[in-house]
Q: 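Got a structure for you, questions after.
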Amino acid sequence: TPADFGRLSANRVHQLLQKGDIDREELLRQVGRLLGRPPMPAAVAVPGPTAPPTRARPAVGTRPVILAIEDNADNMTLLRAILAERCVLREAGDGEAGLRAARTQRPDLILLDLSLPGLDGLSVVRALRAAPATREIPVIALTARAMPGDRERALDAGCDDYLPKPIEVQRLLEAIDRWIGCEKQSGK
Ligand code: MN
């Protein structure tokens with residue numbers, strides 16, 4: 001059942017992440033197995049600025065574009081495993097690259113690690129909100145620090161939602177679904 005799936009996934013993924021030295025292939029296999037799917041395809045590279053211009057909300061039957069801005073390779077691997085078949089996943093490893101990708105790709109939703117090298121997540125979301133082209137894109141903040149006040153700071157800076165790390169599969173999917181209905185549109 002979906003409830004079992006969520007609990008199993010969250011627990012297993014927690015275990016894997018808490019072990020620290022995750023073997024990436026093993027993580028992919030485990031997540032893929034939990035999701036009842038074959039191994040995930042490789043990441044979709046972010047194309048250059050020749051990509052198509054602004055897209056509206058995803059039409060029914062098309063996969064929404066999600067931009068993940070995350071510098072931690074294991075977390076990115078996990079996001080890829082969870083989202084690869086549900087959405088078109090774009091990836092950026094730091095804040096500057098994330099801003100560029102947001103401006104050129106106009107994703108339907110952004111998953112934003114708040115702790116990034118260089119331009120940090122709060123600065124990224126402020127820049128997104130300051131620009132008309134990216135102002136309306138829903139942003140879900142992700143942070144491992146889970147310090148008191150993190151959530152408020154994220155929302156004050158312009159994030160729409162907030163998820164603490166380690167990432168829980170079911171909570172992530174629910175949060176995405178709240179903003180763009182990713183799961184429903186992919187028919188999963
Ligand atoms: Mn980080």
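Predicted, not measured: the structure shown is a model, and the values here were computed from it. First listed ligand is number 1; within each ligand, the first listed atom is number 1. If you read the sequence from its start, that first residue is 1, and numbering goes on from there.
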Q: Could you identify the N, O or S atom of D113 positioned closest to the Mn ion (ligand 1)?
A: OD2

Q: So, for K165 and E70, which heavy atoms are closest and what is the spacing to 0.1 Å?
A: NZ-OE1, 2.7 Å

Q: Under 2.8 Å from the Mn ion (ligand 1), can any N, O or S atom of D71 be found?
A: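 So D71 counts as coordinating the Mn ion (ligand 1), yes.
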
Q: For a quick check under 3.5 Å, do D160 and W179 share a side-chain donor-acceptor pair by atom type?
A: no

Q: In the structure I gave you, are the side-chain heavy atoms of V139 and R129 within less than 4.5 Å of one another anywhere?
A: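 Side-chain contact under 4.5 Å: yes.
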
Q: Give a yes or no on whether N75 keeps an N, O or S atom under 2.8 Å from the Mn ion (ligand 1).
A: no

Q: Assess the side chains of D74 and T77: does a donor N or O sit below 3.5 Å from an acceptor N or O?
A: no

